[in-house]
Amino acid sequence: MNATQGPTMPLSLNVNGLAVAAEIEPRRHLADFLRENLNLTGTHLGCEHGVCGACTLLVDGEPVRSCITFAGACSGADVTTIEGLDNDEIAIELRAAFNREHALQCGFCTPGMLVSARDLVLRLREPDERRIRLGLSGNLCRCTGYVGIVQAVRRVIAARRERGIAAIVADPRRGLGPIGARIGSGLATGAPTPKSVTARVPTPAAKVAAAFMPTDSFEQSFTIACPPEEVFAAFGRIREIADCIPGAVVSGEPAPNRVEGGIRVRFGPISPVFSGAALIERDEEKFTGRILGMGADAGDRSTMQGEIRYRIVDGEQPGTARVELAIGYALKGALAQFGRPSLVRNLAGRMIAEFSQNLEQRLTGRSSGRAPKPINLPRLVLRSLSERVANLIKRLLALSD
């Protein structure tokens, strides 16, 4: 294909430490540009649908599927291909480990596999086989069966941690787009993106303002033995509300319409901390409100975006308030594989039950002052299974009568 056919746009980026400038078609993918324009054929093309992971490389230090990444979207970015990792310390250790553990055969998947493995060596605190397999699940290999690959990565992580080289935890507030940290300005102006564009990365609260379409939604409600006006007023005291939510933490001083912080949820061996921000809307007359939040877990790179709409009305008993919630959410990344809707609903139900209890105790002056612990998902699953078994036994006994 002739890269200059049709309309073109200027492209300026750094590839393996060298400045590169070219005129390209807007639709040209990064992998094609690297292979055909720069002869960097170490980036392999397999499925060309972003599935097999053979074309994985680094854009601004982040692993990227270059077969589905427009080159023009990378203007101003730092691109590192497998050729650019020749003298990289971690890549050298991984190549040696791959040889020792017989982790390659035909070698077609190996460049992308090494890039993804290098990222795991940087991020994982310990050589956890389950997390390594999860982290490499986007890189397909038809030869090895993955055993040698996983073992090689485990050994490199273990060796580096024994030498006192700690894992690097990415800042979850970093403004990552689909291909890297410095995305977008080149496309908007038609000019190369300067390196100073890093300072223009939106804050977490700004990112939350994007249109949100939940993948699942449900409703919950609970009653508090306090008047509706007191409960609604408490919902406006952000830090006080956060203190009642299991695993929640507020960072900095919250504003009336915005808060930054995080929440921890235990998923067995996974204990993600979703750090992010939320935008807050309140209607003082109708006793209603909306919380729109987005969070990311640096460890597994899972992301969660959610919306809670609440309405506070009179409860059935005088002096009580009923809080009605409409909850929508979307999970992405590793956590989405475990986030079945029924499980999320049960988790939310437990968290809301504890939150309502903590809030009522605080409003009535009976709070212990201790921060609530994060919800433990395995206990939740076992409890849910126990309840289902008990209900099944009851139904069977009823049929036998």
Side-chain angles (χ1 to χ4, degrees), residues 1-51 53-86 88 111-112 115-116 118-119 122 138 170-204 206-211 294 296 301 303 332:
M1 180 192 300
N2 185 344
T4 61
Q5 284 183 341
T8 63
M9 63 175 289
L11 174 66
S12 177
L13 68 166
N14 288 326
V15 179
N16 298 334
L18 298 176
V20 174
E23 288 285 332
I24 63 167
E25 287 184 296
R27 65 181 181 178
R28 192 158 183 76
H29 289 107
L30 181 59
D32 294 329
F33 174 75
L34 295 170
R35 289 176 58 86
E36 298 175 16
N37 291 61
L38 304 183
N39 200 32
L40 294 172
T41 55
T43 299
H44 292 169
L45 286 172
C47 67
E48 299 193 55
H49 290 281
V51 176
C55 67
T56 305
L57 44 73
L58 298 176
V59 175
D60 289 332
E62 298 291 327
V64 166
R65 299 286 196 269
S66 59
C67 74
I68 55 173
T69 299
F70 287 119
C74 301
S75 192
D78 292 316
V79 176
T80 304
T81 69
I82 192 65
E83 292 92 344
L85 296 176
D86 280 351
D88 179 81
V115 173
S116 295
R118 178 184 179 276
D119 189 62
L122 279 172
D171 183 355
R173 295 174 297 177
R174 186 179 179 193
L176 292 177
I179 60 91
R182 294 190 280 264
I183 178 175
S185 295
L187 289 179
T189 63
T193 305
K195 291 297 178 183
S196 61
V197 76
T198 309
R200 301 181 210 156
V201 170
T203 63
K207 292 175 65 178
V208 174
M294 174 182 285
R301 290 191 181 158
T303 60
K332 294 182 181 179

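For the single chain, residues carry numbers from 1 onward in sequence order. Bear in mind the structure is a predicted one, so any value in this text is a computation, not a measurement.
- Nearest heavy atoms, T56 versus P63: CG2-CB, 4.0 Å.
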side-chain contact (heavy atoms from CB on, under 4.5 Å) between L40 and N16, worked out
CA-CA 10 Å; L40 294 172; N16 298 334; 3.9 Å; yes
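- In this structure a side-chain-to-backbone donor-acceptor pair under 3.5 Å is missing from D119 to E62.
- Among all heavy-atom pairs drawn from G46 and A54, the shortest one is N-CB, 4.5 Å.
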Before you tell me yes or no, could you show the steps for T69 and H29 under side-chain contact (heavy atoms from CB on, under 4.5 Å), namely the whole-Å CA-CA distance, both residues' side-chain angles and the distance that decides it to 0.1 Å?
CA-CA 6 Å; T69 299; H29 289 107; 5.9 Å; no
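- In terms of heavy-atom proximity, P7 sits nearest to P26 at O-CD, 3.2 Å.
- Between the side chain of D78 and the main chain of D60, no donor-acceptor pair closer than 3.5 Å is present.
- Side-chain atoms of R35 come within 3.5 Å of backbone N or O of T43 as a donor-acceptor pair.
- Of the candidates V20, L38, L34, N14, L34 is the only one forming a side chain to side chain contact (heavy atoms under 4.5 Å, CB included) with V79.
- In this structure, T8 OG1 and E25 CD are separated by 8.5 Å, a value rounded to the nearest 0.5 Å.
- Counting all heavy atoms, side chain and backbone alike, G72 lies closest to I24 at N-CD1, 3.8 Å.
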Determine, step by step, whether R118 and L58 satisfy the side-chain contact (heavy atoms from CB on, under 4.5 Å) criterion, reporting the C-alpha distance in whole Å, the side-chain angles of both residues, the deciding distance to 0.1 Å, and the verdict.
CA-CA 10 Å; R118 178 184 179 276; L58 298 176; 3.6 Å; yes
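- The CG atom of L57 sits 9.5 Å away from atom CD of E83, with the distance rounded to the nearest 0.5 Å.
- A donor-acceptor distance shorter than 3.5 angstrom exists from the side chain of S66 to the backbone of C55, with no hydrogens or angles considered.
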Show, in sequence, the C-alpha distance, side-chain angles and deciding distance for L11 and E23, and conclude whether the side-chain contact (heavy atoms from CB on, under 4.5 Å) test is met.
CA-CA 6 Å; L11 174 66; E23 288 285 332; over 6 Å; no
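- Pairing each heavy atom of L13 with each of C74, the nearest pair is CB-O, 3.9 Å.
- Minimum heavy-atom separation, C67 to H49: SG-N, 3.8 Å.
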